[in-house]
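Note that the coordinates shown come from a computational prediction; the quantities given were computed from them, not determined experimentally.
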Amino acid sequence: MADNAHPTSALRPDEVPFAMIGTLAERMGMELLEADVQRTVARMPVAGNTQPYGLLHGGASAALAETVGSIGAALHAGADRIAVGVDLNATHHRAVRDGHVTAVATPLSLGRSVAAYEIVVTDDEGRRVCTARLTCALRERPPGA
C-alpha cells in the first residue's frame, strides 16, 4: 500500500508539468493517456519499436515502463522536486508483432525520498506483455531544470 502524503488529483495529459516534446518518449510514439500519482497510463505503437525479428523490442517495453513510472513519481514529488530513475527491472512475458502496447503504473511505495512503481504492459487484447518495477529517487529540483 502506498504511504502517499499528497492528495491525488488526476491531470489531463496536456496538464502534466513537464514536456515530452523532443524526448525519447516522443520519438517512440508514446501517448500519455492518464496522469495521476496513483495511476499513470500511456500507450505506444509496436511499429517502429521492434527488434530485427519484427517483435516488440524489450528495451521499448522498458522505456515505456520507465516513462509512466517516472511521470507518476514526478507528480508525487511535487513541483519543487524531481524524480530520477535509479532501478528498473522488467520481465517480458509474450511477444507482440503489431498494434499498440499500453502501460499502467501504480505505486508500490511513495515516500519522501523514494517512490517505487509497478508497471504492467499489455497488448491490444489486454494480455500481459511485460511486468516492470521502477524505483525513483526524489530530489530537490536543480536550478534550470
Using modelled atom types only, decide if a donor and an acceptor are shared between the side chain of [X] and the backbone of [Y] within a distance under 3.5 Å.
X: R39; Y: G72; answer: no
X: Q51; Y: Y53; answer: yes
X: E26; Y: G22; answer: yes
X: D124; Y: H100; answer: yes

Hey, does [Y] have a side-chain heavy atom less than 4.5 Å from the side chain of [X]?
X: T131; Y: E118; answer: yes
X: S109; Y: T135; answer: no
X: S70; Y: L134; answer: yes
X: D80; Y: R141; answer: no
X: H76; Y: P107; answer: no
X: V96; Y: L55; answer: no
X: L32; Y: I71; answer: yes
X: L110; Y: Q38; answer: yes

inquiry  = What I want to find out is whether R133 reaches D87 closely enough, with some N-O distance under 4.0 Å, to be called a salt bridge.
reply    = yes

What pair of heavy atoms forms the shortest contact from [X] to [Y], and how long is it?
X: A63; Y: M28; answer: CB-SD, 3.9 Å
X: T40; Y: D36; answer: OG1-O, 2.8 Å
X: Y117; Y: G69; answer: CD1-O, 3.8 Å
X: R94; Y: D123; answer: CD-OD2, 3.9 Å
X: R81; Y: A77; answer: NE-O, 3.3 Å
X: P142; Y: I82; answer: CD-CD1, 3.8 Å

So if you build clusters from Ile, Leu, Val, Met, Phe, Trp, Tyr with side-chain heavy-atom gaps below 4.5 Å, do [X] and [Y] land together?
X: V114; Y: L75; answer: no
X: V46; Y: V68; answer: yes
X: V129; Y: L88; answer: yes
X: L64; Y: M20; answer: yes
X: L56; Y: L24; answer: yes

query = When rounded to the nearest 0.5 angstrom, what distance separates OG1 in T102 from CD in E31?
reply =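 The distance works out to 9.0 Å.
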
request  = Rounded to the nearest 0.5 Å, what's the gap from OG on S61 to NE2 on H93? Could you check?
outcome  = 10.0 Å

task = Check the pair L33 / R43 against side-chain contact (heavy atoms from CB on, under 4.5 Å), numbers first and verdict last.
result = CA-CA 7 Å; L33 303 175; R43 75 182 206 143; 4.1 Å; yes

